[in-house]
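Step one of this worksheet: look at the structure below.
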Protein chains: 2
Amino acid sequence: MFSILNMRLVEPDDATTRARIRDAAILLFGRDGFRETTVRAIAQEVGVSAALVIHHFGTKDGLRLACDEFIMGEVTAQAAGIGNGGQGTTAAIQSWLGEMDKRRPWLAYISRLLTDGSSTSSTKDDSSNNSSSDTSVGDRLFDDFVSYTERMFADGVADGSVHESVDPHMRAVILTSYGLSVLIFERQIGRAIGEAGLTSAAAARMTIPALEIFTHGVYTNDAMLRAAKDAIATKGSTP
Amino acid sequence: MFSILNMRLVEPDDATTRARIRDAAILLFGRDGFRETTVRAIAQEVGVSAALVIHHFGTKDGLRLACDEFIMGEVTAQAAGIGNGGQGTTAAIQSWLGEMDKRRPWLAYISRLLTDGSSTSSTKDDSSNNSSSDTSVGDRLFDDFVSYTERMFADGVADGSVHESVDPHMRAVILTSYGLSVLIFERQIGRAIGEAGLTSAAAARMTIPALEIFTHGVYTNDAMLRAAKDAIATKGSTP
DNA sequence: CAGGATGCTAAACACTTGTTCAGCCCTCCG
DNA sequence: CGGAGGGCTGAACAAGTGTTTAGCATCCTG
């Protein structure tokens, strides 16, 4: 019907009103949370009416779904750019850090995505149950990060740059959790060192201590590790 | 009608209606979030009217404040029990893990406390601005954890069980963030290993890989660390 | 026992918020 | 040119929610 013209007149690529609404939604959902963000606030941010937001996305939840989809696409695209290894990796990371400001709203949104999951397994009136099986978008994102991390460190073990682990999968889960924590606690970490959030200065100051931990550990001996191993071993008899 | 008996049968000390409302609020706030929890839902959970909830706490936000205060008190009490070091520490941790189920709602609430902070520096109509200065409860909690961690590891450095760091404060912030991440990602971690949240089995399986990291690190050499140090050093001339 | 204080409730109120409806404007096809 | 269709809006609607109010019952105090 209308696709031919629109296709030709479509703005540089991203400035269509629908996209602007989605971007504003990502910004506000990420900053204030889904529930506390009103459709009218999003509309005002874009400079349109609240009805138009609904007109484009059906419902507020539909808008959330569109945001989720967009963010997931961007994340996997970035991961693909970084993850193919080789020389491209460093460049990809640098360009990513360079355009940090543009993507800052996405980080807040991702943070919300990862933490918002409610433990509701009850049957809710989710008419459009089109998401894959029962795991939420945040769950899928976390799992993706885990498998990505696990692959990275398996390669590291293979080429000798990374220690082996008695439980590589669990280590990957833990390291993923650690890595994402700086996203979740962005504001807290920034506050703790007198910066406003994850500025480049904050990231720089974090780098060395973090690498210290991952290079030498924090404990000078394996007393804790041995004690834990003993405790686990002896616990097998007394469940 | 039936109150006479109830009055006489009133439970030991903690079962006052006000406390039961507060406990239910902690449970629901932690499970579903503050905004998505309605006053009526809390009332129904306790078996009282919605008006009574308001009667006891003034407003919903007053109830939140009471919950915050209670949780902060419990946390600092636990920290005091653990933190005085010596032999009591292990016992305290063990008893804490033993009564995990009773305090599980608190963990969810604390998780929300740490992640809910919104970056609203605008002037809101906060009539009862009685909180200390401008930092939120979650901020204060995080800071407490940081200083606790920093003290712990300073002691470790002093007695030689912990490596020195070029930036002890930052290391404490990072380690606090890492430690709290298992709280935030409780559900995700549980899911990743087929458990339902932070069960004791999950905690047990996490222990060894985590201690591996903190004992030996993950990298077999300091290539990354040296590279980062060089990068930081040379970056000083090109800001 | 009178009377106030207290714990508590049902109903109503005020307001927010997601969503719908009817219609305007503008572009483009026949 | 006419009409059709899509982008878009203002106003209204319906449901949900925090809070208020008036009132009931019970208990404690003088």
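Values reported hereafter were calculated over all heavy atoms of this structure, with side chains retained and with hydrogens, waters and symmetry mates removed. Bear in mind that the values here come from a model prediction, so they are computed numbers and not experimental data.
Across its full length, the helix from C:dC1-D:dG30 to C:dG30-D:dC1 shows an angle of 10° between the axes of its 5 terminal pairs at either end, rounded to 10 degrees.
Applying the ring-ring contact (aromatic ring centres under 6.0 Å, His included) test to pairs two or more places apart or on separate chains, those with a residue in residues 21-67 of chain A are A:Phe29-A:Phe34.
With a 4.5 Å cut-off on side-chain heavy atoms, B:Met206 and B:Ile193 do not count as touching.
C:dT19 atom C1' lies 16 Å from atom CZ of A:Phe57, rounded to whole Å. Atom CD of B:Gln44 and atom P of C:dT9 are 13 Å apart (whole Å). Rounded to a whole Å, the CG atom of A:Leu65 is 17 Å from the P atom of C:dG18. Rounded to an integer number of Å, the gap from CZ of A:Phe29 to C1' of C:dT17 is 13 Å. Rounded to whole angstrom, the span from the NE2 atom of B:His56 across to the C1' atom of C:dG7 amounts to 6 Å. Atom CD1 in A:Ile21 sits roughly 10 Å away from atom C1' in D:dG7 (whole-Å rounding).
Under the salt bridge (Lys or Arg N to Asp or Glu O under 4.0 Å) criterion, A:Glu186 pairs with A:Arg104, sequence neighbours left out. For A:Ser177, the side-chain contact (heavy atoms from CB on, under 4.5 Å) partners are B:Ser181, B:Phe185, B:Ile189, not counting sequence neighbours.
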Subject >> Footprint string (nucleotides 13-19 of chain D, 5' to 3'): B base within contact, S backbone only, - free, heavy atoms under 4.0 Å >> reply: ----BBB
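At a cut-off of 3.5 Å, with distance as the only test, a side-chain donor of B:Thr176 or B:Thr149 sits close to an acceptor on the other residue.
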Return the polar atom pairs (N/O with N/O) between nucleotides 4-6 of chain C and the protein under 3.5 Å, or none.
none

